[in-house]
Amino acid sequence: MALLAGLRVPARSLLRAGARLRDAALGRWERAAGGGGDGARSFGSQRVLVEPDAATGVAVMKLWNPPVNSLSLDLLTELVISLEKLENEKTFRGIILTSDLPGIFSAGLDLTEMCGRNPAHYAEYWKALQELWLRLYQTHLVVIAAINGASPAGGCLLALSCDYRVLADNPKFIIGLNETLLGIVAPFWFKDTMINTIGHRATERALQLGLLFRPAEALQVGVVDQVVPEGQVQGAALSAMTQWLAIPDHARQLTKSMMRKATADRLLTQREADIQNFVSFLSRDSIQKALQVYLEKLRQKKG
Ligand SMILES: CCCCC/C=C\C/C=C\CCC/C=C/C(=O)SCCNC(=O)CCNC(=O)[C@H](O)C(C)(C)COP(=O)(O)OP(=O)(O)OC[C@H]1O[C@@H](n2cnc3c(N)ncnc32)[C@H](O)[C@@H]1OP(=O)(O)O
């Protein structure tokens with residue numbers, strides 16, 4: 001109950017949360033997809049709900065990790081499993097990645113996974129993040145981000161790793177790689193993913209200043225491809241998906257691989273070194289202190 005006490009979610013969501021937690025305790029849950037009639041069933045885990053539509057070959061994947069969809073170790077693991085499952089189902093060609101929490105797409109990496117833990121935990125956490133990025137960035141499926149909330153840092157990385165981004169038009173829905181504001185540094189593969197999306201100069205400025213873009217600026221700089229009124233984001237993502245799925249799979253997939261392989265390979269060839277780098281960076285007293293101060297500021301915001 002204490003965990004739920006701080007959440008700003010409606011009673012309906014709390015009931016749904018209760019049901020999910022119960023079902024998760026029993027193992028992976030399944031329920032019939034509402035009115036689908038095509039035999040497709042929703043599936044998922046505690047923190048990732050997947051609503052597949054076998055008729056269109058598109059699955060909507062919703063993040064649900066209250067209060068802010070921070071990328072905890074559990075969420076990272078569940079995302080990888082859900083992605084792998086969809087990749088292995090031959091009927092699916094596309095994913096809409098979105099959030100099931102009002103106003104938040106993802107708050108990025110879970111700061112509580114990076115503060116006051118031991119080096120083995122940092123290593124495990126970083127490996128899980130690498131795993132998710134490598135899979136999402138290189139998946140043969142079309143992935144469109146329907147960004148229905150704030151999306152800083154790791155949340156922005158998730159969106160940038162998709163093939164196309166639609167952002168809901170609300171000034172609170174900021175997006176960007178703001179690591180420097182926390183006193184930390186975006187790793188090279190975050191930087192590369194952004195360069196591949198908006199170019200070198202715009203990335204250099206965005207990263208050094210830790211810029212968090214509002215929707216109009218995000219569109220202008222190219223961090224997102226489309227801005228639509230709130231409430232239309234999923235519909236717009238589905239419309240965009242039609243265009244992507246009109247292309248023969250083999251041609252689109254080979255092109256995606258041609259565009260992204262070198263970037264992914266750069267991490268693949270130095271995964272272990274990247275983990276060690278992260279662990280030693282995070283283990284510095286000054287970095288731990290900076291993260292603790294930032295986390296404390298977030299916690300006191302409400303007080
Ligand atoms: C040359 C050497 C190079 C070496 C490089 C090597 C390695 C690189 C090293 C490190 C790289 C790390 C990369 C990091 C990436 C990240 O993603 S870090 C996380 C960045 N995220 C943020 O800055 C977002 C912070 N959150 C917010 O701004 C807001 O929470 C919000 C998302 C805009 C939502 O605002 P609001 O709706 O008002 O909610 P609250 O702020 O009230 O938050 C509610 C509770 O959630 C907690 N929380 C928020 N964000 C996080 C988070 N990211 N992790 C964990 N917890 C979070 C917040 O504290 C509140 O908690 P309480 O309810 O008060 O307990």
Side-chain angles (χ1 to χ4, degrees), residues 1-9 13 47 63-76 99 101-117 119 121-123 125-130 132-133 147-161 168 170-194 206-215 267 270-284 286-303:
M1 291 308 282
L3 178 73
L4 295 176
L7 306 188
R8 297 162 301 119
V9 287
S13 301
R47 298 164 189 85
L63 309 179
W64 191 83
N65 192 24
V68 288
N69 278 341
S70 60
L71 299 170
S72 62
L73 183 55
D74 288 336
L75 177 57
L76 293 174
S99 163
L101 289 180
I104 306 283
F105 181 70
S106 166
L109 302 197
D110 192 318
L111 295 166
T112 65
E113 303 275 12
M114 304 198 294
C115 264
R117 309 288 194 109
H121 181 83
Y122 299 145
Y125 182 63
W126 202 246
K127 193 172 179 188
L129 180 69
Q130 291 178 335
L132 174 63
W133 178 74
I147 311 164
N148 50 350
S151 190
C156 176
L157 178 76
L158 273 192
L160 291 174
S161 304
N170 180 324
K172 288 187 181 156
F173 296 175
I174 39 134
I175 180 165
L177 295 179
N178 62 323
E179 280 80 355
T180 52
L181 300 184
L182 284 71
I184 55 179
V185 181
F188 72 86
W189 39 286
F190 285 43
K191 178 259 304 171
D192 288 345
T193 309
M194 187 174 249
L207 286 188
Q208 287 201 44
L209 297 175
L211 295 181
L212 287 167
F213 300 103
R214 292 202 178 91
L267 175 60
Q270 48 184 317
R271 270 188 89 166
E272 198 47 46
D274 183 61
I275 293 172
Q276 291 316 319
N277 203 17
F278 174 73
V279 173
S280 71
F281 185 77
L282 214 58
S283 301
R284 291 184 200 169
S286 60
I287 299 301
Q288 281 296 309
K289 203 163 211 153
L291 289 177
Q292 270 152 15
V293 167
Y294 186 78
L295 199 47
E296 202 44 48
K297 269 193 199 149
L298 278 178
R299 286 174 174 154
Q300 282 170 1
K301 214 172 60 177
K302 292 185 277 225

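First listed ligand is number 1; within each ligand, the first listed atom is number 1. The basis for the numbers below is simple: all heavy atoms, side chains too, and nothing from hydrogens, waters or symmetry mates.
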Subject >> Contacting atoms of ligand 1, where contact means under 4.0 angstrom from a heavy atom of Ile184 >> reply: 12 (C), 14 (C)

Original post:
Heavy atoms only: which of Leu212, Leu181, Asn277 is nearest to atom 6 (C) of ligand 1?
Top reply: Asn277

Subject >> Under 4.0 Å to a heavy atom of Phe281 - the qualifying atoms of ligand 1, by number >> reply: 4 (C), 9 (C)

**OP:** List every atom of ligand 1 that sits less than 4.0 Å from any heavy atom of Gly154, numbering the atoms from 1 in the order shown and giving each element.
**Re:** 16 (C), 17 (O)

Original post:
How are the rings of Trp133 and Trp189 set relative to one another: parallel (under 30°), tilted (30 to 60°) or perpendicular (over 60°)?
Top reply: tilted

**OP:** May I ask you to decide if the ring planes of Tyr125 and Phe278 are parallel, tilted or perpendicular, using 30° and 60° as cut-offs?
**Re:** tilted

**OP:** Could you tell me which atoms of ligand 1, counted from 1 in the order shown, lie closer than 4.0 angstrom to a heavy atom of Pro67?
**Re:** 45 (C), 46 (O)

**OP:** Please confirm whether Leu111 comes within less than 3.5 Å of ligand 1 when only nitrogen or oxygen atoms on both sides are compared.
**Re:** yes

Original post:
Counting only heavy atoms, which portion of Val68 has something under 4.0 Å from ligand 1: side chain, backbone, both, or neither?
Top reply: side chain

Original post:
When you measure from the side chain of Ser72 to the backbone N and O of Glu113, does any donor-acceptor pair fall under 3.5 Å?
Top reply: no

**OP:** Number the atoms of ligand 1 from 1 as they appear, then name those within less than 4.0 Å of a heavy atom of Pro152, with their elements.
**Re:** 24 (C)

Subject >> Short N or O distance, Thr112 and ligand 1, threshold 3.5 Å exclusive >> reply: no

**OP:** Counting heavy atoms only, name the option from Glu179, Gln276, Glu296 that's nearest to atom 15 (C) of ligand 1.
**Re:** Glu179

Original post:
At a non-hydrogen distance cut-off of under 4.0 Å, which region of Asn178 contacts ligand 1 (side chain, backbone, both, or neither)?
Top reply: side chain

**OP:** With the side chain counted from C-beta on, respond yes when Leu111 and Leu182 share a heavy-atom pair under 4.5 Å apart, and no when they do not.
**Re:** yes

Subject >> For the student: nearest non-hydrogen atoms of Phe190 and Leu177, plus distance >> reply: O-CD1, 3.9 Å

Subject >> Qualifying residue, where the test is side-chain contact (heavy atoms from CB on, under 4.5 Å) with Asn65 and the options are Leu75, Asp74, Leu101, Leu71 >> reply: Leu75

**OP:** May I ask you to identify, for Ile104, whether its side chain, its backbone, both or neither come under 4.0 Å of ligand 1 on a heavy-atom basis?
**Re:** side chain

**OP:** State whether the number of non-hydrogen atoms from other residues, nucleotides or ligands found under 6.0 Å of Arg117 atom CZ is greater than 12.
**Re:** yes

Subject >> Ala107-ligand 1 polar pair, N/O distance under 3.5 Å >> reply: yes

Subject >> Donor-acceptor pair between Glu272 and Gln276 side chains, under 3.5 angstrom >> reply: yes

Subject >> Proximal atoms of ligand 1 relative to Val185 (non-hydrogen, under 4.0 Å) >> reply: 8 (C), 9 (C), 10 (C), 11 (C)

**OP:** Let me know which of Asp274, Leu73, Ile275 forms a side-chain contact (heavy atoms from CB on, under 4.5 Å) with Lys127.
**Re:** Ile275

**OP:** Run down the list Cys156, Ser280, Ala153 and name the one with the heavy atom closest to atom 16 (C) of ligand 1.
**Re:** Ala153

Subject >> Polar side-chain atom of Ser106 near backbone of Asn69 as donor-acceptor pair, under 3.5 Å >> reply: yes

Subject >> Spatial distance of atom CG (Leu158) from atom CD1 (Ile175) [nearest 0.5 Å] >> reply: 9.5 Å

Subject >> ligand 1 atoms in contact with Gly108 (distance to a heavy atom under 4.0 Å) >> reply: 17 (O)

Original post:
Side chains of Asp110 and Ser70: is there a donor and an acceptor less than 3.5 Å apart?
Top reply: yes

Original post:
Of all the heavy atoms in Tyr294, does at least one lie under 4.0 Å from an atom in ligand 1?
Top reply: yes

**OP:** Go through ligand 1 atom by atom and flag the ones less than 4.0 Å from a non-hydrogen atom of Leu182.
**Re:** 18 (S), 20 (C), 23 (O)

Original post:
Among Asp274, Leu109, Leu298, Asn69, which one has a heavy atom closest to atom 19 (C) of ligand 1?
Top reply: Leu109

